[in-house]
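Written below as structure tokens is the structure these notes are about.
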Amino acid sequence: MKTLDIIVPVYNEEDCIEETFNRLCNVRNSLKDKLDTYFLFVNDGSRDSSIDILKKLSNENYFVKVIDFSRNFGHQIAVTAGLENTNADYVAIIDADLQDPPELIVDMYNKSLEGYDIVYGKRLKRENETVFKKVTAFGFYRVLNSLCNLDIPTDTGDFRFITKDVVQALKQMPEHNRFIRGMVPWVGFKSAPIEFNRDERFAGETHYPLKAMLKLAANGIFSFSLVPLKALNWIGIFLFILSLVALIKMNLLSATILFVASVQLFAMATLGAYIGRIYEEVLKRPLYIVKDKYNL
Ligand code: UDP
Ligand code: MG
């Protein structure tokens with residue numbers, strides 16, 4: 001029988017894990033005639049009792065595998081560790097907080113049988129998320145697609161179902177600044193969406209505060225687009241023309257100086273964003289450190 005690994009990144013989810021486990025067991029049951037399903041929880045340095053609950057579940061159930069990080073490395077890295085530790089025929093990635101309905105994995109599997117290597121969850125509605133999060137998410141996906149030479153699906157998180165071929169391709173991408181929802185379309189293959197309404201969190205709070213969201217957004221743009229770098233040329237040309245105008249109309253001089261100074265700072269910050277990434281890649285540090293593994 002073919003195998004399915006369901007990767008679940010976990011960070012301080014003690015109030016969600018058991019319910020998530022139960023819902024995933026339903027999925028496992030629905031698929032039991034077709035797939036041998038395992039759950040692969042990646043505990044991303046939780047400070048609560050998440051790891052104790054996961055250890056207990058892995059003791060009681062042979063199909064619960066756990067990777068325990070030595071500290072918090074971030075959501076994208078946790079998913080990466082899951083991908084690197086699977087050899088299953090199919091892999092599903094789902095959040096631990098039940099915002100992505102687990103039952104959809106069954107639909108994703110059925111859709112994949114129509115000949116798709118990637119089936120991704122496309123969010124229709126965001127229940128109870130702040131207006132700010134809705135607006136920034138809406139804007140971000142659209143800006144990203146206009147900057148990147150890639151078809152990154154809009155309103156799509158990491159909730160998806162992929163085949164072994166896709167996992168194999170992703171394993172060949174060692175970059176440190178990871179933006180999985182850009183990396184998956186980058187590897188190609190045939191993909192199809194399944195639409196769903198994103199639910200509220202089952203319990204707890206988001207771990208994506210503004211700072212983490214901005215970091216993810218920057219990784220999306222700087223890792224997949226050279227447009228900001230190229231835009232510097234155009235700003236340069238524009239400034240040159242502006243300085244010719246300033247030569248004729250001297251009263252513009254002080255305004256121009258200020259403007260030029262601000263553009264230069266902006267340009268340096270853009271260069272810095274890329275150079276910082278080069279620096280991180282050059283260090284060649286491991287992406288994460290594993291403290292323990294259970295059933296794995
Ligand atoms: N998560 C993680 N490491 C982190 C932050 C989050 O593994 O540093 C996990 C978290 O437990 C959840 C998923 O990533 O399963 C998505 O996080 P969250 O629900 O906080 O983000 P949101 O849905 O609000 O964007
Ligand atoms: Mg969530």
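All values below were derived from every heavy atom in this structure, side-chain atoms included, with hydrogens, water molecules and symmetry-related copies excluded. If you read the sequence from its start, that first residue is 1, and numbering goes on from there. Since the model is a prediction, treat every value here as computed from it, not as a measurement.
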Minimum-distance pair of heavy atoms, taken over all atoms of [X] and [Y]:
X      : Y      : value
Pro102 : Leu24  : CB-CD2, 3.9 Å
Tyr120 : Met108 : C-CE, 4.0 Å
Glu13  : Ala96  : CG-CB, 3.9 Å
Val187 : Leu170 : CG1-CD2, 4.0 Å
Asn197 : Pro101 : O-CD, 4.4 Å
Pro153 : Tyr141 : O-CD2, 4.0 Å

Applying a strict under-4.5 Å side-chain criterion to I, L, V, M, F, W and Y, I'd like to know whether [X] and [Y] cluster together.
X      : Y      : value
Val167 : Val184 : yes
Phe202 : Ile93  : no
Leu98  : Leu124 : no
Val106 : Val8   : yes
Phe73  : Leu83  : yes

Within a radius of less than 6.0 Å around [atom1] of [X], do more than 12 heavy atoms belonging to other residues, nucleotides or ligands occur?
X      : atom1 : value
Tyr274 : OH    : yes
Arg142 : CZ    : yes
Phe138 : CZ    : no
Asn22  : CG    : yes
Glu114 : CD    : yes

Rounded to the nearest 0.5 Å, what separates atom [atom1] in [X] from atom [atom2] in [Y]?
X      : Y      : atom1 : atom2 : value
Ile105 : Thr37  : CD1   : OG1   : 8.5 Å
Leu147 : Ser225 : CG    : OG    : 4.5 Å
Ile6   : Thr86  : CD1   : OG1   : 11.0 Å
Ile221 : Phe179 : CD1   : CZ    : 8.5 Å
Glu18  : Leu57  : CD    : CG    : 6.0 Å
Phe21  : Phe41  : CZ    : CZ    : 7.0 Å

Under 3.5 Å, is there a donor-acceptor pair between the side chain of [X] and the main chain of [Y]?
X      : Y      : value
Ser58  : Lys55  : yes
Arg285 : Val282 : no
Lys164 : Asn87  : yes
Thr136 : Phe132 : yes
Glu14  : Asp48  : no
Arg178 : Met173 : yes
Thr20  : Cys16  : yes

### With Leu4, the side chain to side chain contact (heavy atoms under 4.5 Å, CB included) member among Phe39, Phe161, Tyr109, Tyr38
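Result: among Phe39, Phe161, Tyr109, Tyr38, Phe161 is the only option passing the side chain to side chain contact (heavy atoms under 4.5 Å, CB included) with Leu4.
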
### Query
Pick one: which of Val66, Val64, Val42 meets side chain to side chain contact (heavy atoms under 4.5 Å, CB included) with Leu54?
Val66

So, are [X] and [Y] salt-bridged, with charged N and O less than 4.0 Å apart?
X      : Y      : result
Lys65  : Asp5   : yes
Glu84  : Lys171 : no
Glu281 : Arg277 : no

#### Entry: Ile7 and Ile94: CA distance, side-chain angles, deciding distance, side chain to side chain contact (heavy atoms under 4.5 Å, CB included) verdict
CA-CA 6 Å; Ile7 297 174; Ile94 189 167; over 6 Å; no

For the residue pair [X] and [Y], establish whether any side-chain heavy-atom pair is separated by less than 4.5 Å.
X      : Y      : value
Ser70  : Val290 : no
Val10  : Asp44  : no
Asn61  : Asn295 : no
Glu205 : Asp97  : no
Thr156 : Arg160 : yes
Arg71  : Lys291 : no

So, [X] versus [Y]: side-chain donor-acceptor pair below 3.5 Å or not?
X      : Y      : result
Thr3   : Asp89  : yes
Asp52  : Ser49  : no
Asn85  : Lys293 : yes
Gln76  : Asn219 : no
Asp117 : Thr163 : yes

### Pair Phe196 + Phe159: ring centers closer than 6.0 Å
yes

### Query
Phe63 ring centre to Arg28 NZ or CZ under 6.0 Å, with the angle to the axis within 45°?
yes

### Message
So if I apply the side chain to side chain donor-acceptor pair (under 3.5 Å) rule between Asn43 and each of Asp68, Asn72, Asn12, which one comes out positive?
### Response
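When side chain to side chain donor-acceptor pair (under 3.5 Å) is applied between Asn43 and each of Asp68, Asn72, Asn12, only Asp68 qualifies.
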
